[in-house]
Amino acid sequence: SEHDDFDGSVYDYVVVGGGISGLVVANRLSEDRKTTVLVIERGYFDDKPEATVPWYANGLDTSVMTRPESAPNPELNNTTSLVAVAAVVGGGSVVNGMGYSRGSKADYDAWEELGNPGWGWDGLLPYFRKSTTFTPPSPEVASRWNITWDPSVYGDGPLRTHISDFQYPDLAVFWDALRHQPGLDLPPGANAGVGPGAFWSPLSIDARTMTRATARSAYYDPVNATRQNLRLVTGQTATEILFHPGKALRTKGVRIVSRSDNTVRSVYAKKDVILAAGAIQTPQLLQASGIGPASVLQAAGVKPFPNPDTISTNATYNATVWAEYLAHRTGPISTANGNTVAYYSLPQLHGPSTADAAASIATRLLAQNATAHLPPLYHTSPTLLKGYLAQRAILANRFASSTSAITAGPIPGNGVSPAILLKPLSRGTVTLNLTKNPLAGEGGGGLPTVQYHTLQNPLDGENILSIIRHARTFWASPEIVSALHPVVELSPGSAYQTDADLLAKLRGDRGLFWPSLAHPSGTCAMMPEEMGGCVDAEGLRVYGVGGLRVVDASVMPLIVGTALQATVYAVAEKAADLIRGGR
Ligand SMILES: Cc1cc2nc3c(=O)[nH]c(=O)nc-3n(C[C@H](O)[C@H](O)[C@H](O)COP(=O)(O)OP(=O)(O)OC[C@H]3O[C@@H](n4cnc5c(N)ncnc54)[C@H](O)[C@@H]3O)c2cc1C
């Protein structure tokens with residue numbers, strides 16, 4: 001087969017996962033033609049329209065995903081839910097909603113406060129720039145819609161981002177309402193690290209072709225033909241990290257299984273094995289390789305991203321708009337969820353008259369008996385608890401200030417208004433599924449057990465209710481009602497008003513309320529080891545193991561107040577620099 005030649009082969013670096021972080025790191029490391037890099041990817045290349053036409057980002061292409069169910073969640077009436085994980089060359093960038101957004105400065109400065117020098121906003125901005133190019137809309141569209149941006153926060157990097165010329169007409173009404181929101185800022189440009197507010201926010205679209213811009217189109221396709229020192233193999237699942245014999249743990253390579261015929265092969269790394277398998281599968285691979293419970297097993301913790309509203313109904317567009325896209329690359333098919341996002345801090349959510357409600361949440365958070373609202377893992381690990389308490393102090397500070405967002409209101413043109421909690425206090429876990437051999441099935445089909453523990457901390461419930469109530473107020477604002485008629489809430493529905501009724505509905509209805517919006521992170525956190533950290537800040541090296549690094553969304557020590565792809569690109573760019581620096 002085409003893969004016969006690589007069994008037993010040796011590279012400088014073996015990268016596990018050809019998703020966003022894996023392709024960025026592989027590209028940068030192979031810029032030096034003397035450095036050899038192998039990328040192992042579970043999925044395949046996907047060239048169908050769903051992977052390239054922007055409009056499809058409104059739906060979920062599950063044909064290129066693995067979809068484990070979560071464990072039954074005790075706080076959600078023991079119901080399970082989907083864990084959406086990409087399995088395709090390009091990873092999440094091929095299936096995601098294409099929003100390109102960075103958190104506020106305070107979100108990244110929190111990483112630095114957690115003991116990671118150089119990982120605050122100022123340390124990451126060069127990598128945000130290095131990874132992106134921004135193409136503005138046409139001057140006519142920009143002036144008609146009053147679209148503004150800050151060109152200084154983008155560079156001439158591989159990932160193309162764009163605000164398209166097509167804007168849903170109703171957005172004018174929404175912007176009118178946003179301008180009248182008390183206390184909501186309207187900063188001139190998104191992605192500049194400024195605090196919450198309403199923005200014109202780009203999508204990962206390549207304006208030259210009006211197609212989806214992905215880690216593959218940005219970091220792999222342009223260099224594939226010319227770099228003999230870079231190789232990507234598809235349909236191969238890494239199932240185990242291999243170590244040199246001896247007392248000091250040092251990686252030797254990776255064992256992989258072919259999805260098509262279950263052939264087992266081994267490949268070797270002279271320098272490092274680099275894990276980029278994403279925040280669900282990286283911890284699984286570490287655990288399957290028996291890497292120390294003190295650093296990794298205990299550090300497992302997926303942060304939920306609850307979404308107490310319905311998803312897109314997948315309205316089908318008619319033939320005319322498709323014809324327009326095919327002929328001119330314009331119209332609704334040329335864009336996805338739209339380019340307007342409003343971020344609110346907790347005080348802004350509560351409004352000026354009840355701003356002390358936010359301070360009260362912060363005070364009550366700090367007064368909590370932390371272990372009472374955390375999974376058992378934290379009860380027995382003083383280091384893990386120490387890390388959580390440090391995160392908690394930072395979150396209490398952010399709750400009481402207006403420096404970072406607790407919710408984002410994407411306002412797409414398809415009439416769906418998800419209510420999203422960006423700063424969860426509850427902590428989940430990713431652990432090996434002991435009843436399923438990770439080697440079994442279609443080439444390593446076994447997936448780990450994901451326990452979200454959504455709503456384990458009751459303050460998460462309070463914050464979600466505030467977010468829902470705020471969304472109701474927004475949709476009832478006079479600007480919207482007078483222009484668009486009263487908006488009817490389909491889900492959960494106006495019958496649900498009291499805290500108890502709303503919470504009971506959320507706990508029981510998995511179609512309505514999701515524990516995660518496909519943004520797992522923090523499952524192998526970058527923090528000092530004595531705070532339960534998994535990798536160091538100097539080189540993202542796994543504590544206690546030589547030659548092993550993690551570069552994907554697992555390393556985020558605290559989830560940032562927005563969707564993650566922009567941050568994953570920047571973190572991977574910085575990781576590549578640190579690795580090349582030889583540290
Ligand atoms: C449905 C969906 C919608 C999203 N919407 C948005 C959005 O609009 N905006 C935004 O900013 N972010 C969005 N995200 C999040 C964003 O795409 C992810 O945070 C990002 O892709 C994570 O990058 P990563 O490198 O950590 O992992 P991934 O991009 O997931 O890459 C991991 C890769 O590793 C491969 N892999 C896993 N295990 C193995 C193994 N054992 N062996 C070999 N290969 C393996 C996988 O197949 C995958 O290709 C969305 C994600 C999803 C799933």
Side-chain angles (χ1 to χ4, degrees), residues 14-25 39-44 46 57-62 64-67 82-103 159 161 201-204 212 214-216 219 232-241 254-259 274-286 288-289 305 307 311 336-337 341 408 410 412 438-439 443-448 514 516-524 550-556 559-560 562-569 571-572 575:
V14 173
V15 178
V16 177
I20 294 184
S21 56
L23 293 182
V24 172
V25 166
V39 182
I40 299 161
E41 169 53 45
R42 186 177 190 282
Y44 301 94
D46 182 8
N58 292 303
L60 261 194
D61 183 6
T62 53
V64 288
M65 289 183 181
T66 41
R67 308 176 60 200
L82 168 76
V83 185
V85 175
V88 57
V89 176
S93 66
V94 176
V95 299
N96 70 21
M98 294 172 53
Y100 178 89
S101 52
R102 305 167 186 167
L159 184 74
T161 66
S201 187
L203 300 176
S204 38
R212 180 191 277 271
T214 65
R216 176 189 158 187
Y219 284 88
L232 168 77
V233 292
T234 58
Q236 305 286 329
T237 305
T239 53
E240 198 185 339
I241 302 162
V254 178
R255 178 162 297 140
I256 53 191
V257 178
S258 158
R259 281 177 79 181
I274 298 174
L275 301 189
I280 301 295
Q281 289 160 102
T282 281
Q284 176 190 27
L285 189 55
L286 287 167
S289 311
F305 205 82
N307 164 26
I311 51 165
N337 284 306
V341 190
L439 295 174
L447 285 152
W514 303 345
S516 166
L517 197 59
H519 288 71
S521 61
T523 49
C524 179
V550 178
V551 296
D552 59 30
S554 314
V555 304
M556 297 184 190
I559 194 164
V560 295
T562 188
L564 297 184
Q565 73 165 341
T567 303
V568 175
Y569 280 102
V571 165

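Ligands are counted one by one from 1 in listed order, and the atoms in each one are counted from 1 as well.
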> Among Gly278, Gly43, Ala86, whose heavy atom sits nearest atom 46 (C) of ligand 1?
Replying inline: Ala86

>> With rounding to the nearest 0.5 angstrom, report the CG to OH distance, Leu159 to Tyr219.
In response: 6.5 Å

> Which atoms of ligand 1 have any heavy atom of Ala553 under 4.0 Å away?
Replying inline: 26 (O)

> Do Val341 and Thr562 come within less than 4.5 Å of each other through their side chains, counting heavy atoms only?
Replying inline: no

> Which is closest to atom 31 (O) of ligand 1 in terms of heavy atoms, Ser554, Ala336, Gly19, Gly18?
Replying inline: Gly19

>> What I'd like to find out is whether the side chain of Ile280 reaches to under 4.5 Å of the side chain of Pro448, using heavy atoms alone.
In response: yes

> Can you tell me the protein heavy atom closest to atom 24 (P) of ligand 1 and the distance?
Replying inline: Ser21 OG, 3.8 Å

>> Could you tell me, atom by atom, which parts of ligand 1 come under 4.0 Å of a heavy atom of Met98?
In response: 7 (C), 8 (O)

>> Distance under 4.0 Å to a non-hydrogen atom of Leu60: what atoms of ligand 1 satisfy this?
In response: 1 (C)

> Relative to the heavy atoms of Arg42, which atoms of ligand 1 are at a distance of less than 4.0 Å?
Replying inline: 43 (C), 44 (N), 45 (C), 47 (O)

> In terms of atom number and element, which parts of ligand 1 are under 4.0 angstrom from non-hydrogen atoms of Gly92?
Replying inline: 17 (O), 21 (O), 28 (P), 29 (O), 30 (O)

>> Go through it in stages, so that I can follow the logic: the residues are Val560 and Arg102, the test is side chain to side chain contact (heavy atoms under 4.5 Å, CB included), and I'd like the CA-CA distance, side-chain angles, deciding distance and then a yes or no.
In response: CA-CA 8 Å; Val560 295; Arg102 305 167 186 167; over 6 Å; no

>> Can you name the atoms of ligand 1, numbered from 1 with element, that are less than 4.0 Å from a heavy atom of Gln281?
In response: 37 (C), 38 (N)

> Taking the minimum heavy-atom distance to atom 42 (N) of ligand 1, which of Ala288, Gly97, Ala238 ranks first?
Replying inline: Ala238

> Can you tell which part of His519 has a heavy atom less than 4.0 Å from ligand 1: side chain, backbone, both or neither?
Replying inline: side chain

> Against heavy atoms of Ile40, which atoms of ligand 1 measure under 4.0 Å?
Replying inline: 43 (C), 44 (N)

>> Suppose we measure from atom 39 (C) of ligand 1 to each protein heavy atom; which comes out shortest, and what is that distance?
In response: Ala277 CB, 3.8 Å

> Is it the side chain (CB and beyond), the backbone, both or neither of Ala276 that lies under 4.0 Å from ligand 1, heavy atoms counted?
Replying inline: backbone

>> I'd like to check whether Gly99 has a polar contact with ligand 1, where a contact means an N/O of the residue lying under 3.5 Å from an N/O of the ligand.
In response: yes

>> So for Gln284, does at least one of its heavy atoms come nearer than 4.0 angstrom to any atom of ligand 1?
In response: no

>> For atom 3 (C) of ligand 1, what's the nearest protein heavy-atom neighbour? Residue, atom name and distance, please.
In response: Asn96 CA, 3.3 Å

> NE2/His519 to CG/Asn96 distance, rounded to the nearest 0.5 angstrom?
Replying inline: 7.0 Å

> Nearest heavy-atom pair of Leu285 and Ala238: which atoms, and what distance?
Replying inline: CD1-O, 3.6 Å

>> Do Asp61 and Val88 make a side-chain contact, defined as non-hydrogen atoms from C-beta onward lying under 4.5 Å apart?
In response: no

> Hey, does Met65 come in under 3.5 Å of ligand 1, counting only N/O atoms on both sides?
Replying inline: no

>> With respect to Glu41, determine whether any N or O atom, backbone or side chain, lies less than 3.5 Å from an N or O atom of ligand 1.
In response: yes

> Any protein heavy atom lying closer than 4.0 Å to atom 20 (C) of ligand 1?
Replying inline: yes

> If hydrogens are left out, which of Ala563, Ser204, Gly17 has an atom nearest to atom 10 (C) of ligand 1, that is, the closest non-hydrogen atom?
Replying inline: Ala563

>> Please classify the Val568 to ligand 1 contact at 4.0 Å (heavy-atom distances, strictly less than): side chain, backbone, both or neither.
In response: side chain

>> Using side chain to side chain contact (heavy atoms under 4.5 Å, CB included), reason through Val14 and Ile40 one step at a time and then give a plain yes or no.
In response: CA-CA 8 Å; Val14 173; Ile40 299 161; 3.5 Å; yes

> At what distance, to the nearest 0.5 angstrom, does SG of Cys524 lie from CG of Asp552?
Replying inline: 8.0 Å

>> I'd like to check whether Ile20 has a polar contact with ligand 1, where a contact means an N/O of the residue lying under 3.5 Å from an N/O of the ligand.
In response: yes

> Nearest to atom 2 (C) of ligand 1, what protein heavy atom do you find, and at what distance?
Replying inline: Ala518 CB, 3.7 Å

> Counting heavy atoms only, which part of Gln565 comes closer than 4.0 Å to ligand 1: side chain, backbone, both or neither?
Replying inline: both

> Which ligand 1 atoms does Val88 reach within 4.0 Å, using its non-hydrogen atoms?
Replying inline: 47 (O), 49 (O)

>> Nearest 0.5 angstrom please: Met98 CE to Ser93 OG, how far?
In response: 10.5 Å

>> If you compare all heavy atoms of Tyr44 against all heavy atoms of Arg259, which two are closest, and at what distance to 0.1 Å?
In response: OH-CB, 3.5 Å

>> How long is the straight-line distance from CD of Glu41 back to CG of Leu23, given to the nearest 0.5 Å?
In response: 7.5 Å

> Donor-acceptor pair, Ser289 side chain versus Glu240 backbone, under 3.5 Å?
Replying inline: no

> CE of Met65 to CG of Leu82: how many Å apart, nearest 0.5 Å?
Replying inline: 7.5 Å

> Is there a side-chain contact between Leu564 and Ile559, using heavy atoms and a 4.5 Å cut-off?
Replying inline: yes

